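Lettering follows sequence order; numbering is per chain, from 1. Because the structure is a prediction, the values reported are computed rather than measured.
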Number of protein chains: 2
Amino acid sequence: MTLPRETVEARLAAFREACVQKRLRLTHQRMEVFRALASSEEHPDVESIHRVVRKRIPTISPDTIYRNLKLLAEHGLVSVAGMSADRLRFDANMGPHHHFVCVKCGRIRDFTSRELEHIAFPAEARAFGAPCSMHLEVKGVCSACQKGRKP
Amino acid sequence: MTLPRETVEARLAAFREACVQKRLRLTHQRMEVFRALASSEEHPDVESIHRVVRKRIPTISPDTIYRNLKLLAEHGLVSVAGMSADRLRFDANMGPHHHFVCVKCGRIRDFTSRELEHIAFPAEARAFGAPCSMHLEVKGVCSACQKGRKP
DNA sequence: CCCCAAATAAGATAGAATCCTATTTACGAA
DNA sequence: TTCGTAAATAGGATTCTATCTTATTTGGGG
């Protein structure tokens with residue numbers, strides 16, 4: 001909640017415009033959900049957003065938060081942090097490696113890269129604390145999905 | 001399930017040894033859970049592992065899968081793919097950026113980096129399909145948690 | 001071979017995310 | 001401005017993932 005007001009206002013203005021362009025109705029609830037998200041730098045979950053928005057719209061339901069965030073994500077107006085968080089996924093490969101995540105079928109493939117092996121922790125990251133590991137996440141469409149195969 | 005047999009065997013041998021060292025009992029169920037994970041390159045979820053292990057141990061319960069994977073993750077013998085998958089988290093920052101994730105409190109901070117801006121999609125990633133975006137995930141302990149503050 | 005803490009099975013439970021349906025609302029068109 | 005309609009919402013029901021509870025079983029040291 002410590003974002004510069006101008007940043008938030010800019011995001012809100014862009015959001016209004018994008019909604020009009022994409023024929024998404026500018027409902028009171030939708031605006032407030034986006035405002036709550038755009039005002040935060042904490043990558044909030046639905047419950048946090050609900051708590052904030054409820055101050056302005058006491059009767060808003062969690063389902064409305066979910067529905068709008070999902071819709072906005074589909075339209076590229078917000079994003080979901082991290083990989084598919086629908087369920088836990090595990091990995092027996094404990095060595096350093098990177099991930100290719102298919103945005104269609106959700107498959108995750110490991111890869112290693114000589115070029116990336118020697119990258120140091122960025123100074124911008126060290127500013128937040130003590131980094132201990134680092135990996136790249138490449139999103140895209142896997143070969144199988146490109147060919148139209150079902151997952 | 002297309003991993004070289006030698007890779008799987010090596011992982012199983014290392015696993016046995018690690019369990020003995022760490023005084024973790026080598027139960028039938030634990031071995032089969034790890035074998036299923038070590039034989040896969042799909043970053044499987046609990047249901048997939050359960051399906052596989054059930055062929056050998058028909059009465060095994062999902063809880064045993066969860067319990068063992070959690071235990072093994074705590075001992076660094078397996079890892080959880082992606083960020084905390086306990087709930088969905090959203091982001092209004094649609095520009096390219098990277099993440100610093102605190103492994104203690106789970107807070108996610110955005111950052112951008114001049115050095116990383118010009119990195120191309122690694123060839124090893126392009127081998128899997130068509131990449132469309134890329135971001136770095138730095139894990140570590142944030143300043144607040146280092147100072148012992150509660151999340 | 002015995003013992004007991006650790007591990008398991010199976011059902012109960014908690015909680016996140018989605019679904020269902022009656023009601024309300026945004027907004028284009030008259 | 002008013003009207004009509006498809007879209008959106010509220011609230012409860014439902015589904016599904018993950019964890020907890022408890023009685024029973026078991027690995028492995030002594």
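- For the pair B:Glu47 and A:Leu71, nearest-nucleotide mapping onto DNA chain D gives the more 5' position to A:Leu71.
- Screening residues 12-33 of chain A for ring-ring contact (aromatic ring centres under 6.0 Å, His included) gives A:Phe15-A:Phe34 as the qualifying pairs, with residues at least two apart or on separate chains.
- Atoms CG and CZ, on A:Leu12 and A:Arg5 in that order, are 11.5 Å from each other to the nearest 0.5 Å.
- Looking only at side-chain heavy atoms (C-beta outward), B:Leu24 and B:Leu77 come within less than 4.5 Å of each other.
- Counting non-hydrogen atoms of neighbouring residues, nucleotides and ligands closer than 6.0 angstrom, the CD atom of B:Glu17 reaches no more than 12 such neighbours.
- Rounding to whole angstrom units, NZ of residue B:Lys70 and P of D:dA18 are separated by 12 Å.
- Scanning residues 12-28 of chain B for heavy-atom distances under 4.0 Å to DNA chain C yields B:Arg25, B:Thr27.
- Applying the ring-ring contact (aromatic ring centres under 6.0 Å, His included) test to residues at least two apart or on different chains, the pairs with a partner in residues 39-78 of chain A are A:His43-B:His99.
- Residues B:Arg16 and B:Leu26 meet the side-chain proximity criterion, which asks for heavy atoms closer than 4.5 Å.
- If you measure from atom CG of B:Asn68 to atom C1' of D:dA18, you get 15 Å, rounded to the nearest angstrom.
- With sequence neighbours excluded, the residues satisfying side-chain hydrogen bond (donor to acceptor under 3.5 Å, both in side chains) with B:Arg30 are B:Asn68.
- Within the nucleic acid shown, B:Arg67 comes within 4.0 Å of at least one base atom, counting heavy atoms only.
- For A:Arg89 and D:dT17, the CZ to P distance is 12 Å, given to the nearest whole Å.
- Between A:Leu69 and A:Ile49, the closest side-chain pair of non-hydrogen atoms falls below 4.5 Å.
- Note on the helix from C:dC1-D:dG30 to C:dA30-D:dT1: terminal axis deviation equals 40°, with five pairs used at each end and the result rounded to 10°.
- The CZ atom of A:Arg126 sits 10.5 Å away from the CZ atom of B:Phe111 when rounded to the nearest 0.5 Å.
- Taking a 4.0 Å limit (strictly below) on heavy-atom distances, residues 55-64 of chain B reaches DNA chain D at B:Asp63.
- Atoms OH (B:Tyr66) and C1' (C:dG11) sit 16 Å apart, rounded to a whole Å.
- Distance B:Met31 CE to D:dT26 C1': 17 Å, rounded to the nearest Å.
- Here the C1' atom of nucleotide D:dG11 and the CD atom of A:Gln29 are 14 Å apart, to the nearest Å.
- Two residues are said to be in side-chain contact when any heavy atoms from C-beta on lie closer than 4.5 Å; A:Thr64 and A:Ile57 fail this criterion.
- Separating the CZ atom in A:Phe100 from the CZ atom in A:Arg107 is a distance of 10.5 Å, to the nearest 0.5 Å.
- For the pair B:Ile65 CD1 and D:dT19 C1', the interatomic distance rounds to 15 Å; values are reported in whole Å.
- Residue A:Glu32 contributes atom CD, which lies 12 Å from atom P of D:dA10 at whole-angstrom precision.
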